[in-house]
Every structure is written in structure tokens, then in C-alpha cells.
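Each chain gets a letter, A, B and so on, in the order the sequences are listed, and its residues count up from 1. The structure presented is a predicted model; accordingly, all values stated were derived computationally and were not measured.
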Amino acid sequence: MYAEVIVDVAAYPIDRPFDYLVPEQYRELIESGSRVKVPFGNRQVLGFVTALKSETDVPTDKQKPIGELLDIEPVLTQEMLEMTKWLKRHTLCYEIDALQVMLPSALRAKYEKILGIVDHNVDLPQSVQALFQQREHVELKVDESKELLSLIKKLVKEDILSLETSIKQKTAVKKVRMIHIESDLERLKTVYDSISNQAKKQKDVVKWMMDHPGERIVSADLLKQLSTTNAVLQAVIEKGAATLQMEEIYRDPYADRTMDKTTKLALTNEQHLALSEIIDSYDKQEAKTFLLHGITGSGKTEVYLQAIERALLDDLEAIVLVPEISLTPQMTNRFKERFGSLVAVLHSGLSTGEKYDEWRKIKRGEVKVVVGARSAIFAPFQNVGIIILDEEHEGTYKQDDSPRYHARDVAIWRSEYHNCPVILGSATPSLESYARAKKGNYTLLTLANRPKEQALPEVSVVDMREQLKNGNRSMFSLELAEAINVRLDKQEQMVLFLNRRGHSSFVLCRDCGTVVECPNCDISMTYHRHQEKIKCHYCGEESQVPHTCPECSSEHIRFFGTGTQKVEEEIARLFPAARVLRMDVDTTRKKGSHEHILKLFGEGKADILLGTQMIAKGLDFPNITLVGVLSADTTLHLADFRAAEKTFQLLTQVSGRAGRHDKAGEVIVQTYTPEHYAIQFAQHHDFVPFYNQEMMNRKQFLYPPFTYVVLIQITHEDVLMTAEYAHKAANWLRDNLTDQSEIIGPTASSISRLQNRYRYQCLIKYKKEPTLPEVLQQLTRMYRTDWMKKGILMSIDLNPSSIM
DNA sequence: AGCACGCCGACT
DNA sequence: GTCGGCGTGCTC
């Protein structure tokens with residue numbers, strides 16, 4: 001018996017199955033989808049069994065047996081194995097990357113080099129002895145000095161030391177010491193009597209146990225409750241009053257929270273119509289994709305909940321994706337409230353262990369609904385009944401490193417596998433999805449009204465050029481300042497939005513015009529006043545604020561541009577009575593701080609919630625009556641064909657935060673380009689006219705959804721090398737693709753250097769290009785066999801979410 | 001001769 | 001990706 005194994009090595013010639021002999025003792029147990037340890041070259045690596053067979057073409061002298069079978073229950077389902085092949089083809093990634101992306105990171109291998117002493121008669125050199133410090137075995141870290149490493153290598157060769165790789169799972173299953181108390185009271189009594197009166201503590205413990213016969217309790221809890229020590233407990237166990245067992249437990253991030261269960265809400269006609277179309281298709285077991293276009297506050301979530309309820313009736317499972325879920329506890333809570341313990345939550349705020357435990361609950365079918373961010377689309381359910389992507393237009397559904405998959409594509413693939421519907425929901429659908437819905441590839445469902453018929457908030461656009469002309473140089477227009485004062489008087493809440501964190505976005509010398517740039521990236525450093533530092537938002541570089549110009553030594557250094565920190569200060573100056581909560585990457589770094597800020601705001605502990613785009617989505621507080629967008633221009637002028645679309649989406653989403661309940665909402669948008677159609681249409685909540693206008697632009701410049709694009713990015717530490725290979729790539733594409741494709745570039749990327757690597761890119765635009773998969777595969781091969789060795793890094797992104 | 005370093009190819 | 005093998009060139 002042989003197993004085809006994909007080994008945990010990402011390299012071009014390795015990117016295929018290797019055949020291994022299955023040892024006798026594993027023949028009954030092994031299944032495809034299990035992890036194994038295998039000898040590979042002269043080391044041990046982790047691998048995934050993708051198939052079993054009785055024959056092989058591999059000559060006998062090259063056949064090696066599997067070292068160890070790691071899973072009795074395979075970690076990969078058959079569906080995942082099929083999905084892997086599809087992912088590999090469609091994202092041009094290594095098969096091993098496709099496999100690993102479907103599993104929680106806890107299951108990834110952790111390789112350790114273990115150094116041991118073989119010959120004790122040899123005196124080891126001082127430096128090696130220091131490493132061992134009397135121990136028999138130590139872990140050898142790669143960051144030891146070169147001299148030491150080569151010395152060790154020599155000693156290993158001479159058989160004085162031994163070097164082995166150990167493979168461990170990154171995070172283990174959490175276990176607790178569980179005490180099982182003897183259930184036979186008589187026997188407990190006997191034990192009690194047998195304990196000498198001197199062992200008072202032991203008597204106490206057994207006495208307590210006699211009140212709790214047959215119960216189970218976690219060892220630590222028992223010790224705490226009886227304020228005793230492990231020694232006492234051990235003695236009691238030895239006498240037979242209880243037994244100790246290691247038991248698996250789940251780390252539960254929601255352990256200390258209780259929630260009131262909610263029941264179905266009554267649906268509006270529109271909601272009902274949408275739901276019955278979905279359920280119809282569900283009943284027919286169609287793999288149909290719905291685009292649920294519902295204005296903000298129109299009750300999309302209730303439609304999701306009731307569609308899921310239908311699937312649960314048949315004991316099928318549901319996957320719900322939300323964009324970066326930890327940002328929207330309000331959203332996850334709605335699922336927890338409706339479906340209680342049937343819900344697993346997967347998001348980036350959980351620890352590796354917590355994610356692993358949620359994953360195991362899903363795998364074992366202990367939960368039926370998973371709510372999670374992008375990677376939750378790989379939830380290991382076996383009987384999926386419905387898949388939902390909320391805010392389907394969000395860029396976070398596209399993974400921006402290998403494998404560069406889009407959760408929407410995976411969702412549709414899985415829906416075809418399980419014959420179940422997919423619901424894509426949004427108030428501002430992506431142009432791609434809306435175009436597909438109009439063409440009939442997706443089924444369009446529309447919710448044009450809010451359930452309680454609340455009006456959409458009034459949006460006014462303020463021309464900041466006029467403010468400047470009238471002598472107002474503040475970042476608050478008169479209109480916005482007035483509106484803020486009104487809310488402060490009425491004790492209503494506000495959300496202020498600015499898509500830029502930090503204090504000032506650049507530091508400029510007024511004498512020579514120098515802007516302080518990051519030493520590793522071609523990007524200006526942002527001033528952060530709280531730590532009195534300047535930071536690069538791309539690579540994390542930090543340094544002291546210069547007091548003189550690094551170029552000309554002038555002291556006329558000034559800070560320009562506005563970030564959330566500066567706005568916070570301005571609010572304190574202009575509205576001293578206002579209580580402000582700032583929410584951006586800088587204030588939400590700690591685990592749970594996100595929820596904490598929102599909780600404070602929900603309890604009315606602040607008047608103003610000031611933040612970056614993380615506050616644009618999902619907030620639902622009844623007392624918010626004003627939303628202020630301090631500058632709508634930040635996203636509008638990016639060098640990306642989706643800039644207008646992103647701006648429209650953002651404005652519509654933030655506007656939706658106001659007036660969701662009884663009180664009417666107002667939105668004030670400040671901009672230097674009020675005439676721009678994205679701002680105009682967002683002002684009037686006009687998605688369809690915006691869509692039509694934007695489609696005309698896309699058509700004119702041949703951008704998606706009229707074409708498909710592929711972004712190819714080349715980076716290297718040396719500019720000339722970067723440019724050279726970018727040209728090579730572009731020329732190769734021009735020579736090999738048909739003239740149905742347009743190849744743009746190479747050009748320097750808009751951030752031309754990042755983390756000390758220069759960046760060039762080219763773009764392929766095509767409507768139909770039958771040769772594309774083949775050509776890209778060949779380009780990848782050239783890169784992996786040849787260019788990589790020269791330090792070039794190349795990435796190919798099909799349907800990139802941004803071309804910057 | 002003895003070894004450091006870089007390049008090449010193999011890995012079931 | 002990571003190892004060993006092998007060639008080149010430098011040093012004692």
C-alpha cells in the first residue's frame with residue numbers, strides 16, 4: 001500500500017505528490033486527508049496524504065515508509081482535497097499553501113532542531129557546554145553565531161553530538177486534570193475512616209467528596225475551593241477516593257457571557273419576498289447565487305437569520321462571512337443570540353488555541369453555524385445548507401498573500417459542491433457582482449426600504465474650498481461645528497470619520513521642502529504625538545521626531561496633514577465639553593479593546609466616536625443622530641480604478657450609521673471636490689445611478705467588470721534588477737499572449753519601495769484569453785526555477801482587489 | 001592540505 | 001525549503 005503525500009516544502013520541483021510506503025501498522029487506520037511525518041531527503045517533514053493506492057512507479061530503492069501517522073481522524077475532508085486542486089489552479093499557488101490555508105494555524109508544523117550528546121567521554125568546547133547547561137538535549141536555534149553552528153556541525157559529523165528534527169503541532173489540544181469522585185458512598189466512607197486523624201486536610205477533602213459522590217471537577221477548581229494543595233489531593237486519590245484523568249477541553253472566548261435568546265422578527269413584504277426566493281432555491285437544492293441588495297438598515301441580517309433557520313431544520317450547516325469580524329461584535333452577537341451554542345465564531349481576535357478549538361467544534365459537528373472572517377469560508381462542515389457573505393463588496397474578502405483567493409469564489413465553489421444557495425449581501429454591491437446579477441448569473445433581490453420606514457438620513461455636502469475662502473482654516477466646517485454643538489446640547493451621539501490615523505500625515509521642512517521619509521520605504525512618515533514619534537504605516541519603522549531638517553538642518557520643521565489624533569486634540573479645543581472616544585489601529589491594538597470602546601460608547605459614556613474606516617461598518621446605536629465625514633477626498637484620488645467605487649461605498653456605509661432607530665439622522669460630508677459623481681450619488685443614496693455612471697467609466701477605460709485584470713508585481717532590493725525583470729516579465733507576456741490581451745507596464749508601483757524592496761508591476765487586461773492559464777503557469781515556472789535564485793520576488797494576482 | 005563559500009541538484 | 005556534494009579560491 002502506498003500513500004500520495006504533499007510535503008510541507010514550498011518549492012517548485014516539490015510541488016507534486018510523493019509516494020510513500022504505508023507501514024503495516026497504519027494500513028487499517030490511514031485515510032486520505034491525514035497528516036503524516038515522512039522522511040524527506042535527510043530530514044523529517046510534515047505531509048498530507050492526498051490519496052492511497054496499491055501501485056507506484058517509484059523504483060523500490062527510492063521508496064521510503066511513512067514515519068508516523070499523526071491523525072486517526074483525517075484533518076482534511078474529501079471536499080477540501082478537491083478544493084485544493086481548484087485553488088492551486090486558480091491562484092497559481094503551491095499545493096501545500098492551498099492545503100494549509102484551509103486549516104487552523106495551530107495544525108501547522110513547528111520544526112525544532114534537537115541537539116543531543118552521543119559521546120560523553122569527549123570534553124565539549126566551552127561554547128557548546130554553555131548551550132547545554134548540564135542538560136542532555138537542547139533546542140538549537142538558527143540565530144546562533146556562525147562559528148558555533150559550524151562547530152556543532154563538525155561535532156555531529158564526528159558522532160559526538162546528535163542532531164534531530166522534531167515536528168510538533170504548533171498549538172496543542174488543551175487538557176485539564178479532571179478529578180472523578182468515587183460514586184460509591186460506602187467506599188468513600190471506608191477511605192475516610194482509614195485516614196489517620198493527623199491527616200486533617202485529607203479528611204476534609206474526602207468529607208467534601210462524600211457530599212459530591214460520582215461528580216467530576218477540574219483539579220484546580222477543587223484545590224481552590226477547599227484551599228488545599230495537590231499533595232493532599234494526590235494522597236486521597238491514592239487511597240481510592242477519586243481518580244484523575246486528563247480531559248480535553250475547549251478554550252471558550254465567550255465563556256463568561258450570557259445572552260438572551262431572541263426569536264424571529266416579523267418580516268416586511270420585501271424581506272419576505274427575498275427570503276422565499278432563497279428558500280425556494282434551497283428546497284430545490286440549487287447552487288444558486290443571490291445578490292441581496294438592501295439599503296443600510298433594511299434588515300438584511302434578519303433575512304440571513306431566517307434562511308439559516310431553514311437550513312438548521314434539515315440539520316444542515318451554515319457559513320456566515322462578515323468582513324473582519326472582531327470589528328463588529330454587534331453582528332456576531334445577533335447570531336449568538338438567535339442560535340445560542342450552535343454558533344462558532346472565528347476571527348482574528350482569537351488566540352491560535354481558541355481558533356483551533358472553535359475549528360474542532362465545527363469539524364465534529366458540535367456547532368451548526370459558523371460566523372467568521374475570510375478564512376471561515378473553509379469551515380470543515382460536511383453538510384453545508386447555506387453560505388452567506390455579508391458586505392460582499394468588502395476588499396478584505398480577498399487574501400492579499402498566497403494563496404490569493406477571494407472568499408466569494410470559494411463560497412460559490414462550495415455551494416456547487418453542496419448544492420446549496422449563496423447569499424451575497426450589501427447596501428453597496430461591488431460593480432462585479434451587480435453586473436453579474438444584471439446579466440442573470442446571480443439572482444438579484446432588493447430591499448429598498450427600512451422595516452420601520454425610517455427615512456434615510458439627510459446628507460449634506462460641504463465644499464471645503466468655500467470654507468477656506470471665508471477664512472475658516474479649521475478642519476471643521478461651520479456647518480459641522482454647528483451640528484456638533486446641537487448634538488452636545490441635546491445629548492445625542494455622533495460619529496466622526498477620518499480615514500487616516502496618527503497626528504500629522506507628513507513632516508515637512510519649510511526651507512528646503514524636504515518631507516521626512518521612511519528609510520525602508522518610499523513613503524512619508526506620520527507624526528504620532530502621543531509617543532512623540534514618527535512612524536511608517538507600511539513597515540512599522542519608528543524614530544524620534546527630528547527637530548531640525550535632516551537635509552538642510554533648518555529648524556523650520558512643520559507638521560502637515562490631519563490624522564485622528566490631531567482631530568481629537570482639535571475637538572478638545574473647540575468643544576471642551578465633548579467626551580471623545582478614538583478608535584483606530586493605535587487604540588485597538590490590545591485584545592478586546594475594540595469591544596470595550598464600543599461598549600463604552602453604547603453605554604453613553606462618550607458623545608463622539610472618532611475613528612478610521614473600522615467604524616464605518618456594522619455599528620448600530622440608537623442615539624447616533626450625526627455622522628461627520630471630515631474628508632471624503634482621502635480615498636477618492638488614489639491611483640486605483642476602484643477609487644470612486646470605494647469612496648461611494650464608504651460614504652454610504654458611514655451614512656448608514658445615523659438615524660437607524662426612532663431619531664432622525666443627519667450626515668455631513670466635507671470635501672474639496674463636491675462635484676464628483678461618487679459624492680453626489682452617495683449624497684442622494686443613489687446606488688443604481690452611481691452604478692450606471694461608474695460602469696460607463698469602466699467600459700471606457702476597459703476595467704472590470706468589462707475586462708478581467710491580472711496584476712503582476714516584481715520586487716527586488718536593487719532598482720535596476722527590479723526594472724530589468726519587470727521588463728522581462730512584460731515582454732514575455734507580450735510575446736506569448738494573444739493580441740486580445742492588453743499589457744500595461746511595467747511601471748513603478750505607487751509605493752515604489754516597501755521594506756527596502758523596489759516594486760514594479762504590470763497589468764494584464766483581457767476579456768477572453770484562452771492561453772492565459774498556461775502562459776501564467778509558464779511564467780511562474782520561469783520565476784520559480786530561475787528568477788527566485790536572483791532574489792526576485794514575483795506575485796501574480798488574478799482579479800486583484802486593488803492595483804496599487 | 002584544509003577550509004570557507006557559493007552553486008547545483010535531489011528530495012518518494 | 002534545505003541539505004549534501006563539489007568546485008573554486010584563499011590561507012597556513
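In this structure, NZ of Lys790(A) is placed 13 Å from C1' of dC8(B), rounded to the nearest angstrom. Whole-Å rounding puts the Tyr20(A) OH to dT12(B) C1' distance at 5 Å. Tyr2(A) places its OH atom 11 Å from the C1' atom of dT12(B), with the value rounded to the nearest Å. In this structure, Met788(A) places its CE atom 15 Å from P of dC7(B), rounding to the nearest Å. When rounded to the nearest whole Å, the span between CZ of Arg784(A) and P of dC11(B) equals 20 Å. Counting to the nearest Å, the C1' atom of dT12(B) and the CD atom of Glu4(A) are 11 Å from each other. A straight line from CG of Asp19(A) to P of dC11(B) spans 13 Å, rounded to a whole angstrom. When the C1' atom of dG9(B) is taken as reference, atom OH of Tyr12(A) falls 15 Å away, rounded to whole Å.
Between the CD1 atom in Ile30(A) and the CD atom in Gln25(A) there is a gap of 10.0 Å [rounded to 0.5 Å]. Remark: Met614(A) CE to Arg501(A) CZ distance equals 8.5 Å, nearest 0.5 Å.
Gln78(A) and Glu82(A) share no side-chain donor-acceptor pair at under 3.5 Å.
In this structure, Phe40(A) reaches the bases: a heavy-atom distance under 4.0 Å links it to at least one base atom across the strands shown. Counting non-hydrogen atoms under 4.0 angstrom, Asn42(A) reaches the backbone sugars and phosphates but no base. Within the nucleic acid shown, Arg16(A) comes within 4.0 Å of at least one base atom, counting heavy atoms only. Within 4.0 Å of Pro13(A), counting heavy atoms only, lies at least one base atom of the nucleic acid.
Here the shortest heavy-atom pairing between Pro800(A) and Lys398(A) reads CA-NZ, 3.7 Å.
Figure legend: cation-pi geometry between Lys790(A) and Tyr725(A) absent, as NZ or CZ is not positioned both under 6.0 Å from the six-membered ring centre and within 45° of its axis. By the 6.0 Å and 45° rule, Arg784(A) stacks over the aromatic ring of Tyr94(A).
Counting heavy atoms from C-beta on, the side chains of Leu779(A) and Met794(A) come closer than 4.5 Å. For the pair Lys765(A) and Ile744(A), the minimum side-chain heavy-atom distance is below 4.5 Å.
Remark: Lys789(A) is not in phosphate contact with dC7(B), judged by side-chain N or O atoms under 4.0 Å from OP1 or OP2.
For DNA chain C, the outermost nucleotides in 5' to 3' order that have an atom under 4.0 Å from a heavy atom of chain A are dG1(C) to dG4(C).
Across Phe40(A), Tyr2(A), Phe48(A), a single residue satisfies ring pair (Phe, Tyr, Trp, His ring centres under 6.0 Å) together with Phe18(A), and that is Phe40(A).
In DNA chain C, the stems built from three or more successive Watson-Crick or G-U pairs (distances below 3.5 Å) are B:1-11 with C:1-11.
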